[in-house]
Structures are given as structure tokens and as C-alpha cells.
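Just below is one structure, and these are the notes that go with it.
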Amino acid sequence: MTLRLFNTLSRELEDFVPFEEGVVRMYTCGQTVYDDVHIGNARTYAFWDTLRRYLEWRGFRVFHVQNITDVGHLTDDADMGTDKVEAAARDEGLEPMALVERQLGRYYRDMVDLNVERHYVEPRATCHVQEMVETVEKIVDNGYGYVVDGNVYFDVSRFDEDYGYAEMSGMDPGELEAKPRVKEDPLKRNSADFALWLKAPEEHIMRWRSPWSTGYPGWHLECTTMARRYLGATIDIHGGGKDHVFPHHPNERAQAIAATGKELANYWIHAGFLTIEGEKMSKSKGNFYTAREVIDDLGGDSLRLYFASSHYRKDADFSFEDVEQAEAGVERIRRALGRLESAEGGRETYLRREIQVMRNDFTEAMDDDLDTPLALQAVFRFVRESNKSLDNRREVLLEASDAIRKVCGVLGLQLDREVEVDSGVVDILLEQRERLRDEGRFDEADEVREELLGMGIEVQDTDEGFRWTAT
RNA sequence: GCCAGGGUGGCAGAGUGGUAAUGCAGCGGCCUGCAGAGCCGCCUUUCUCCGGUUCAAAUCCGGACCCUGGCUCCA
């Protein structure tokens with residue numbers, strides 16, 4: 001069995017073979033920290049996290065770099081050079097870097113609650129401008145860039161002739177036309193060309209020195225430069241949202257090849273969108289939720305299970321109801337773990353075979369381009385098996401719970417519950433209830449149960465006595 | 001217009017030629033003092049529509065309809 005990934009470059013499922021045996025170098029496009037992480041961003045970052053954890057499950061050593069963009073590139077109007085970070089900072093009356101630091105804090109809090117692991121390196125764009133300038137110099141030296149009035153542009157038609165530009169997106173550079181709403185930069189030779197370096201207008205705060213002008217880098221440059229800086233000339237996996245299929249990734253790729261003659265990445269992976277009521281969420285329509293509000297409402301595990309329950313390349317239509325469904329699924333898994341870990345066990349060992357079945361099914365599903373919904377099927381099937389198998393030896397039950405935790409861990413589930421209760425009081429009430437039940441005073445026993453429920457303690461009676469969980 | 005991807009049962013969502021996974025919700029049963037959880041069964045001859053290929057199609061071919069995204073801000 002080998003892992004197969006859908007490579008946007010070939011539009012086919014391909015066997016995944018890393019450049020160096022046993023090691024995976026991956027780079028994914030990260031957050032521009034001028035605003036809060038929304039659930040669409042969260043889905044994509046959670047997916048990279050699952051991909052990375054799965055590669056590790058498969059035995060690879062993974063170097064995963066995800067950038068932090070702390071400078072805003074351009075907004076709608078390509079000519080004006082307005083910077084998103086700068087614009088957001090102005091709106092809030094903050095210095096740009098103060099805004100960045102605040103948003104970065106919020107970003108990390110979201111990632112922690114989503115159980116997205118820290119990345120190997122999290123390079124910041126503003127720390128690498130000098131290296132971006134060097135990339136542009138190489139591109140110009142190799143004849144793929146041209147300078148006009150302090151600006152530098154990438155010559156797409158020249159690149160297309162030499163290497164082919166349309167491979168990933170299917171977009172023919174000759175047929176590219178700017179949308180009517182975009183004011184075409186008159187300094188470009190062709191519509192398909194894009195900026196490598198732009199001269200900063202007087203009022204522009206973000207500005208760096210370069211051989212061509214005091215200005216700022218084109219927005220495709222940071223990934224090209226930082227991926228190579230930390231992972232080497234050709235990386236294994238480059239990921240991003242599917243909106244990057246064009247123009248961002250073809251341009252990154254073109255820059256990298258133009259600068260060094262080497263392919264930037266062997267596998268290009270693109271994640272689908274989360275929509276709301278069938279429409280892409282966007283700031284202007286206001287139809288989006290922040291990851292924070294969903295996490296606060298339903299918890300990180302619910303969100304991770306919700307994400308895992310649809311395939312990463314497919315668009316998914318977000319609704320709170322669906323996350324609530326996922327929450328119920330998380331509870332089902334948690335209860336099964338509770339049973340396995342607290343049961344006394346018996347003498348059987350047949351559950352061991354089922355553990356192996358689950359692991360195999362899980363791996364097979366994940367090998368098929370990270371089919372997490374199918375992988376979940378294996379988990380839930382095993383949950384049912386284990387619920388029926390508490391007559392197995394205790395060590396087997398613990399193996400089973402460990403297997404569930406590991407497999408769910410790949411999907412980013414933590415499955416632990418915060419318990420903050422005064423166990424002394426709880427124990428007294430539980431004891432009291434048992435006594436009342438023994439005496440047949442059920443009405444009073446039920447009152448105690450209600451009282452416990454009010455404290456967040458749910459009591460359940462089982463064959464082996466009562467059990468309680470914190471809600 | 002050009003490029004890309006979709007339409008599966010109440011909901012979500014797998015499934016690329018051979019009885020439609022799995023989860024959620026609902027209903028019935030077992031269990032229970034009751035409840036919950038758990039287990040068993042049902043909802044489920046149907047996969048947007050129309051043709052075709054095949055012993056056999058949600059799955060392959062042809063056509064239609066509908067939806068979403070990208071086309072230089074975007075996960």
C-alpha cells in the first residue's frame with residue numbers, strides 16, 4: 001500500500017514518493033494576520049495538520065513550513081498598492097505591527113484550540129524581504145523579468161514559451177484578460193504579467209529598499225522565497241486553498257523555475273472551500289463565522305470531526321447543525337473510550353483482531369487521498385465492536401482505547417474533557433443516591449441525580465454500577 | 001466567454017461495474033426502578049433527468065438540466 005495524493009499539476013491521483021526517502025518537506029500557504037481566522041481558513045489549516053499527522057503515522061519525518069503573512073500585499077485595486085494590513089490597522093487606529101501582533105495572538109489561540117500543531121518553521125514575510133529581492137534579481141538576470149519605472153514585472157509569455165505556464169491551472173496566458181473591475185496596470189507588457197516588485201507611493205507605510213525603487217514585493221514572492229529558504233530547492237508538497245490554483249501557485253511556480261530552473265514542488269495539493277448556504281463566504285457579504293465563535297460554542301473536537309467528515313477537496317456547506325451532529329459523534333467516541341478505560345474486563349481477546357481491522361481500514365482510507373470520511377467509518381465501526389466487547393481482557397480493552405485515541409489523533413481529535421468539579425461533594429451525593437436507590441426511594445434518588453446534573457455531572461447506571469461524566 | 005469541480009436516502013457524507021458505508025435525527029425492541037448509555041431492527045429498491053452499453057450501472061458512454069468556484073485581495 002502506498003499513499004496516493006491528488007496532484008493538481010497532473011490532475012491525477014499519484015503515488016506519493018518523497019524526494020528523500022522517509023522525509024517529507026511540505027509548505028502550505030498560511031494566514032495573513034490582519035483579521036481573525038474564519039472557519040474556512042480553519043478547515044484548510046486543520047487539513048494540513050491532518051495530512052502532516054498522517055504522514056507521520058505512515059512513518060515519515062515531516063518538515064512542515066507554513067508562513068505568516070504580516071504584510072498585506074495588494075487589495076482590489078492593483079495600482080493603488082493599498083496594503084490589507086495597513087488598511088485594517090488604519091480602521092482600528094493601530095500601528096500596523098501592533099495589529100499584526102494582536103492578530104497573531106488570536107491566531108495561535110485558535111490553532112491551539114483546534115489542536116493544530118505548531119509548524120516546523122513559521123516564517124514571517126517581512127523578515128524575508130531581502131531574500132525576496134534576491135529572488136527577483138535572479139529572475140531578472142535570467143531574462144524573465146523586466147523593469148519599468150522602478151517596478152519589476154514577470155514576463156509570463158517568455159516563461160510560457162520556455163517552460164509552459166498553463167500546466168496547473170489550464171489557463172492559457174494568451175487568453176487571460178483582466179476582469180472589468182480591475183484596473184489594468186498600464187506598465188505591464190501583457191495582461192498575464194504580474195508584479196515582482198512595486199515602487200511604493202508616498203503614503204505607503206510598508207516600504208523596503210531594492211535596486212529598482214523603494215517599494216514592496218509582489219505577493220507571489222514570499223512563498224517561493226521562504227519555501228526554498230527553509231526546505232530546499234524542490235519541496236515535496238505545496239498546499240493551499242483551491243483559490244490558489246490560479247493565479248497564486250502558477251505564479252509562485254513560474255518565479256521559482258525562472259530563478260533556478262528547478263521545479264518548486266512535486267505535489268500540489270489544493271483544499272476545497274467551505275460555503276454558507278451554498279455561497280462562498282466573503283467579508284463583503286458578511287456570510288462567514290470566525291473559528292473562535294464556533295469553537296466557543298461547540299468545541300475544537302466537534303469542529304475537527306466536522307472537518308474530517310467531508311473530503312478535503314470537496315466544497316462543504318457549513319451549518320451549525322452539521323457541527324452539532326459532529327459533536328454527537330465526538331461524544332459517542334468519548335463514551336466508548338470511557339467504557340474501555342474503566343471496565344474491569346473479562347477473559348476474551350477477540351477484540352484484538354478488530355483493532356487490527358480498524359487500523360488497516362483506517363490506513364487504506366487515508367492512503368486514498370486522505371479519505372477522512374471513509375476513515376471515520378472504520379473508527380465508528382470499531383466503536384460499535386468495542387462497545388460489545390467489554391468481556392475482553394483488560395489489557396486488550398486498553399489496547400483498544402489506545403488505538404482509538406491514536407487514530408483519532410491523526411484526525412486532530414483530543415477526546416479529553418476538562419473536568420472541574422469538587423469531587424468531594426460529588427462523591428457524597430453519588431453515595432447518597434446509591435443508598436436511596438438501594439432503599440427503593442427512587443423519587444429522592446432522582447432528585448439527587450437532578451442536583452448532580454445541575455452541577456454538570458451526568459450519572460448513568462450500568463450493569464457494573466453507576467458511572468458519571470462531566471457534561 | 002474561458003478554466004476547474006459538483007449534483008447520493010429526513011440531514012451530513014463515503015462509495016468508479018455485482019445486495020447503497022458510516023454518523024446524526026426519528027421510530028420499534030432488548031436492557032433499566034426510571035432515565036441515559038449500549039446493543040438489535042426499521043426508515044432505504046433508491047443515487048438530478050433522458051437515452052445507451054452490459055447478465056449486471058450510483059458507478060461506463062452520449063445528451064439535458066441545475067449548482068459552486070477561479071479568471072490577478074482571498075483558505
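Each chain gets a letter, A, B and so on, in the order its sequence line appears, and its residues count up from 1.
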Legend entry - Which nucleotide in B:rA75, B:rG13, B:rG23 has an atom nearest any side-chain atom of A:F380: B:rG23

Legend entry - Presence of donor-acceptor pair under 3.5 Å, side chain of A:E458 and base of B:rG36: no

Inset, instruction - Just call it for A:H248: base, sugar-phosphate, or nothing, with non-hydrogen atoms closer than 4.0 Å on any strand. - result: nothing

Inset, instruction - Of all the heavy-atom pairs spanning A:K199 and A:Y216, show the shortest one and how long it is. - result: O-CE2, 4.2 Å

Legend entry - Polar pair under 3.5 Å, donor/acceptor by atom type, side chain A:D446, base B:rG33: yes

Inset, instruction - Tell me, please, whether A:F466 has A:R433 positioned over its six-membered ring: NZ or CZ under 6.0 Å from the ring centre and within 45 degrees of its axis? - result: no

Inset, instruction - Please check if atom OH in A:Y289 has more than 12 non-hydrogen atoms from other residues, nucleotides or ligands closer than 6.0 Å. - result: no

Inset, instruction - Check the side chains of A:D36 and A:Q103 for a donor-acceptor pair under 3.5 angstrom, ignoring hydrogens and angles. - result: yes

Inset, instruction - Among the candidates B:rC34, B:rG5, B:rC39, find the nucleotide nearest to the side-chain atoms of A:K388. - result: B:rC39

Inset, instruction - Give A:V379 one of three labels, base, sugar-phosphate or nothing, depending on what nucleic acid heavy atoms sit under 4.0 Å from its own. - result: nothing

Legend entry - Short side-chain N/O contact to B:rG33 OP1/OP2 from A:R437, under 4.0 Å: no

Inset, instruction - Indicate, with a heavy-atom threshold strictly under 4.0 Å, whether A:A328 touches base, sugar-phosphate, or nothing. - result: sugar-phosphate

Inset, instruction - Name the nucleic acid region contacted by A:Y45, choosing base, sugar-phosphate or nothing; use a 4.0 angstrom heavy-atom cut-off, strictly under. - result: sugar-phosphate

Inset, instruction - Take the protein atom CG of A:D35 and the nucleotide atom C1' of B:rA75, then report the distance between them rounded to whole Å. - result: 13 Å

Inset, instruction - Could you tell me the separation between the CG atom of A:N251 and the C1' atom of B:rC71, rounded to a whole number of Å? - result: 12 Å

Inset, instruction - Please check the phosphate of B:rG38 (OP1 and OP2 only) for any side-chain N or O of A:R332 closer than 4.0 Å. - result: yes

Legend entry - Side chain of A:K188 (C-beta onward), nearest among B:rC11, B:rG13, B:rU72: B:rU72

Inset, instruction - Looking at every strand, decide which applies to A:D461 at a 4.0 Å heavy-atom threshold: base, sugar-phosphate, or nothing. - result: base

Inset, instruction - For A:G40, report the nucleic acid contact type (base, sugar-phosphate, nothing); a contact means any heavy atom under 4.0 Å. - result: base

Inset, instruction - Tell me what A:L305 touches on the nucleic acid: a base, only sugar-phosphate, or nothing, going by heavy atoms under 4.0 Å. - result: nothing

Legend entry - Any donor-acceptor N or O pair under 3.5 Å, side chains A:S157, A:D155: yes

Inset, instruction - Give A:F273 one of three labels, base, sugar-phosphate or nothing, depending on what nucleic acid heavy atoms sit under 4.0 Å from its own. - result: base

Inset, instruction - Determine whether any donor atom in the side chain of A:R449 lies under 3.5 Å from an acceptor atom in the base of B:rC34, or the reverse, and answer yes or no. - result: yes

Inset, instruction - Establish, with yes or no, whether the OP1 or OP2 oxygen of B:rG70 is under 4.0 angstrom from a side-chain nitrogen or oxygen of A:K280. - result: yes

Legend entry - Presence of A:R381 side-chain N/O under 4.0 Å of B:rG23 phosphate oxygens OP1/OP2: no

Legend entry - Passing option when A:F159 is tested against A:F154, A:F194, A:Y153, A:Y146 for ring pair (Phe, Tyr, Trp, His ring centres under 6.0 Å): A:F154

Legend entry - Out of B:rG36, B:rC24, B:rG5, whichever nucleotide has its closest atom nearest the side chain of A:R11: B:rG5

Inset, instruction - Assign A:H244 to base, sugar-phosphate, or nothing according to its heavy-atom contacts below 4.0 angstrom with the strands shown. - result: sugar-phosphate

Inset, instruction - Output the single nucleotide from B:rG13, B:rA75, B:rG33 whose closest atom is nearest the side chain of A:S310. - result: B:rG13

Inset, instruction - Scan A:R43 against the nucleic acid and name what it touches under 4.0 Å (heavy atoms): base, sugar-phosphate only, or nothing. - result: nothing

Inset, instruction - Would you indicate, yes or no, if B:rG38 has its OP1 or OP2 atom less than 4.0 angstrom from a side-chain nitrogen or oxygen of A:R384? - result: no

Inset, instruction - State whether the distance check finds a donor on one side and an acceptor on the other, under 3.5 Å, for side chain A:Q325 versus base B:rC11. - result: yes

Legend entry - A:Q66-A:T28 side chain donor-acceptor pair, cut-off 3.5 Å: yes

Inset, instruction - Determine the contact category for A:N387: base if any of its heavy atoms lies under 4.0 Å from a base atom, sugar-phosphate if only primed atoms, P, OP1 or OP2 are that close, otherwise nothing. - result: sugar-phosphate

Inset, instruction - Report yes if a side-chain nitrogen or oxygen of A:K314 is closer than 4.0 Å to either non-bridging phosphate oxygen (OP1 or OP2) of B:rG7; otherwise report no. - result: yes

